[in-house]
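Below is one structure, written out as structure tokens; the observations come after it.
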Amino acid sequence: MLESSNSDLQHVRIRYHFVARNANELTVQQGEILEVLENNKQWWLLRNRSGQSGYVPYNVLEEVKPEEQQYNRAALFNSQAVNPYKGTPTASVNHVEVLEMNKSSRDKDNRSQQKEVNDELLKRITDSKAQPPARNFRVERSCRTVPITQTSEPFEVHAWLNAKGFSRPVVDCLGSLNGAQLFSLSKDELRAVCGDEGSRVFSQLSVQKAQIEKSHGDTELQEIMRRRQQEVEASAWE
């Protein structure tokens, strides 16, 4: 491994594969020899045979001895210009592996960025809505289902989404909301957050709202009948 203070090196050899994770870094392969452009930090700025430059951590580098400098300087930009990764048999054998690692890294970054976008969108949607007042009615809960209401807590919303068979990303995304916040989302907002499943979430919420309204109506009717019964009984005693 090199010392980061060594400022006299013109070329270095790669000890281990390194796959760039952003536009500032450079993907390199074991055995590849690169030109040193800057070496005063733990991340060295290097340039490869094809003229591409980027940062590589210095702890994957090793010194190219002085007697090799003259040969490597001439060979660096003249040999293997068509394929900059054809430096050694090891590099050639592992070229496909590096491509797969790059693809995996890009896919992971894309998933991470999509999750951040969804989380931010959901936060903006819910923050922009005033929480509706709690309604004074009670919904009978069945042991076979996990219904939700305006007053449901996030863990109840999470359980309801699971019971309805929604995908894990949708459950994780919407499961952090309470009942009032979830019911306040429109169909378009749910589509923006949940993609194709947004319409099904909205449909299930509509069914749930209808059940709540029916239960609320039944409760009010029972209360009216109870009061009338009390009035009849009171009149009988007069």
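These numbers were taken from a predicted model, which means no experiment stands behind them.
Here the closest non-hydrogen pair linking Lys164 and Arg200 is O-NH1, 3.4 Å. Between Thr151 and Glu156, the shortest heavy-atom distance links the atoms O-OE1, 4.4 Å. When all heavy atoms of Ala20 and Thr27 are compared, the pair lying nearest together is N-OG1, 3.0 Å. Nearest heavy-atom pair across Val157 and Gly175 is CG1-CA, 4.4 Å. Glu63 and Arg13 make their closest contact through O-NH1, 4.1 Å (heavy atoms, listed as atom of the first residue, atom of the second, distance). Taking both residues in full, the closest heavy atoms of Arg15 and Asn59 are given as NH1-O, 3.3 Å, listed atom of the first, atom of the second, then distance.
In this structure, OH on Tyr55 lies 14.5 Å from CZ on Arg21, to the nearest 0.5 angstrom. Here CD of Glu153 is found 12.0 Å from CG of Leu177. Values are rounded to the nearest 0.5 Å. Rounded to the nearest 0.5 Å, atoms CD (Gln208) and CD1 (Ile148) are 5.5 Å apart. Note: Leu161 CG to Leu182 CG = 6.5 Å, rounded to the nearest 0.5 Å. The line from CG of Leu190 to OG of Ser203 is 11.0 Å long, rounded to the nearest 0.5 Å.
Annotation: side chain of Leu46 is in contact with side chain of Leu61 (closest heavy-atom distance under 4.5 Å). Contact of the Val12 side chain with the Trp44 side chain is registered, since non-hydrogen atoms from C-beta on lie closer than 4.5 Å. Residues Ser53 and Leu26 have side chains not in contact (no heavy-atom distance under 4.5 Å, counting atoms from C-beta outward). Contact of the Leu34 side chain with the Val28 side chain is registered, since non-hydrogen atoms from C-beta on lie closer than 4.5 Å. The shortest side-chain heavy-atom distance between Gln30 and Tyr16 does not fall under the 4.5 Å cut-off. In this structure, the side chains of Glu32 and Asn48 come closer than 4.5 Å at one or more pairs of heavy atoms. For the pair Gln229 and Met225, the minimum side-chain heavy-atom distance is 4.5 Å or more. Counting heavy atoms from C-beta on, the side chains of Ile212 and Phe183 come closer than 4.5 Å.
Using the six-membered ring where Trp is involved, Phe166 and Trp160 have ring planes that are tilted, between 30° and 60° apart.
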Start with the C-alpha distance between Asp188 and Ser186, add both sets of side-chain angles, then the distance that settles side-chain hydrogen bond (donor to acceptor under 3.5 Å, both in side chains), and finish with yes or no. CA-CA 5 Å; Asp188 289 339; Ser186 68; 5.4 Å; no
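In this structure, the side chain of Glu197 engages the main chain of Ser167 through a donor-acceptor pair within 3.5 Å.
Not a single side chain to side chain donor-acceptor pair (under 3.5 Å) links Gln230 to another residue, sequence neighbours left out.
Cluster annotation: Phe18 and Leu37 are assigned to the same hydrophobic cluster (Ile/Leu/Val/Met/Phe/Trp/Tyr, side-chain heavy-atom contacts under 4.5 Å, transitive).
In summary, Arg228 and Glu231 do not engage in a salt bridge, as defined by a charged side-chain N under 4.0 Å from a carboxylate O.
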